[in-house]
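Read through the structure below, which is laid out as structure tokens, and then see the notes.
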Amino acid sequence: MAMKAATAAISANYQMCRGIRAFCSSSSTFPFNLPKTNIEKPPPAEPSTNLFVSGLSKRTTTEGLRDAFAKFGEVLHARVMTDRVSGYSKGYGFVRYATLQEAEAGIKGMDGQFLDGWVIFAEYARPRPPVPPLNNRPPQGQW
DNA sequence: CGTGAGCGA
């Protein structure tokens, strides 16, 4: 059975509404009577070497993400966030480039592209507030 | 069911 491709296509089609939720109201057949939420979520386009990649497949690993983004620049770090308890991929990851140029190139090169049969989205990551309440971890500064 | 939006050990 070749249903994997069909599943990927459906998933990709479903994710097409990721950045245009304002016009993808499932409760309306056409954007005539738009709700009060005509405003769309402003993308945190804050220049940073940290890239947040979402829409990854469950089977996409860190190497796959790194290899996918290494074609647009030298990836210093790439990690697909997998759950610590279940061990399965959460479906998103982070990629750090050497410079902002490579990061921008990576975003513009991989944002909206396919990876492992799923449409992935790359954007600048946000600065994390503090570190998790771990007591046996070195302070921030590893990266 | 790793079921699908998201921001990290």
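Every heavy atom of this structure was used, including side-chain atoms; hydrogens, water molecules and symmetry mates were not. The chains referred to below are lettered A, B, ... by the order of the sequence lines, with proteins before strands, and numbering in each begins at 1.
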| task | Write down the distance between CZ (A/Arg84) and P (B/dC7), rounded to a whole number of angstrom. | result | 19 Å
| message | In this structure, how many angstroms lie between the C1' atom of B/dA5 and the OH atom of A/Tyr88, rounded? | response | 20 Å
| query | Which sits closer to the 5' end of DNA chain B, A/Val95 or A/Ser86, going by the nucleotide each is nearest to? | reply | A/Ser86
| Between CZ on residue A/Arg66 and CD on residue A/Glu74, distance to nearest 0.5 Å | 8.5 Å
| Rounded to whole angstroms, how far apart are CG on A/Asp116 and P on B/dG2? | 14 Å
| query | Atom CG of A/Asp83 to atom P of B/dG8: distance rounded to whole Å? | reply | 12 Å
| request: For A/Arg79 and B/dG8, give me the distance from atom CZ to atom C1', rounded to whole Å. | output: 7 Å
| said: By nearest atom, which of the nucleotides B/dG8, B/dG6, B/dG4 is closest to the A/Trp118 side chain? | reply: B/dG4
| query | Excluding sequence neighbours, so at least two apart, what forms side-chain hydrogen bond (donor to acceptor under 3.5 Å, both in side chains) with A/Gln101? | reply | A/Thr99
| said: If you only use heavy atoms from C-beta on, which nucleotide in B/dC7, B/dG4, B/dG2 is closest to the side chain of A/Arg126? | reply: B/dC7
| For the rings on A/Phe52 and A/Tyr92, is their centre-to-centre separation under 6.0 Å? | yes
| message | Rounding to an integer number of Å, can you tell me how far A/Met81 CE sits from B/dG8 C1'? | response | 4 Å
| said: Just to verify, what does A/Phe72 make a ring-ring contact (aromatic ring centres under 6.0 Å, His included) with, not counting sequence neighbours? | reply: none
| said: Between P on B/dG8 and CD on A/Glu123, what's the gap in Å once rounded to a whole number? | reply: 13 Å
| task | Tell me whether A/Tyr92 is stacked on the nucleobase of B/dG8, counting only the six-membered base ring and applying the 5.5 Å and 30° thresholds. | result | no
| query | Rounded to whole angstroms, how far apart are CG on A/Leu51 and P on B/dG8? | reply | 16 Å
| said: Rounded to the nearest 0.5 Å, what separates atom CZ in A/Phe121 from atom CE in A/Met110? | reply: 11.5 Å
| Within the structure shown, what part of the strands sits under 4.0 Å from A/Leu56 by heavy-atom distance: base, sugar-phosphate, or nothing? | base
| Between B/dA9, B/dG4, B/dC7, which one does the side chain of A/Ser57 approach most closely? | B/dG4
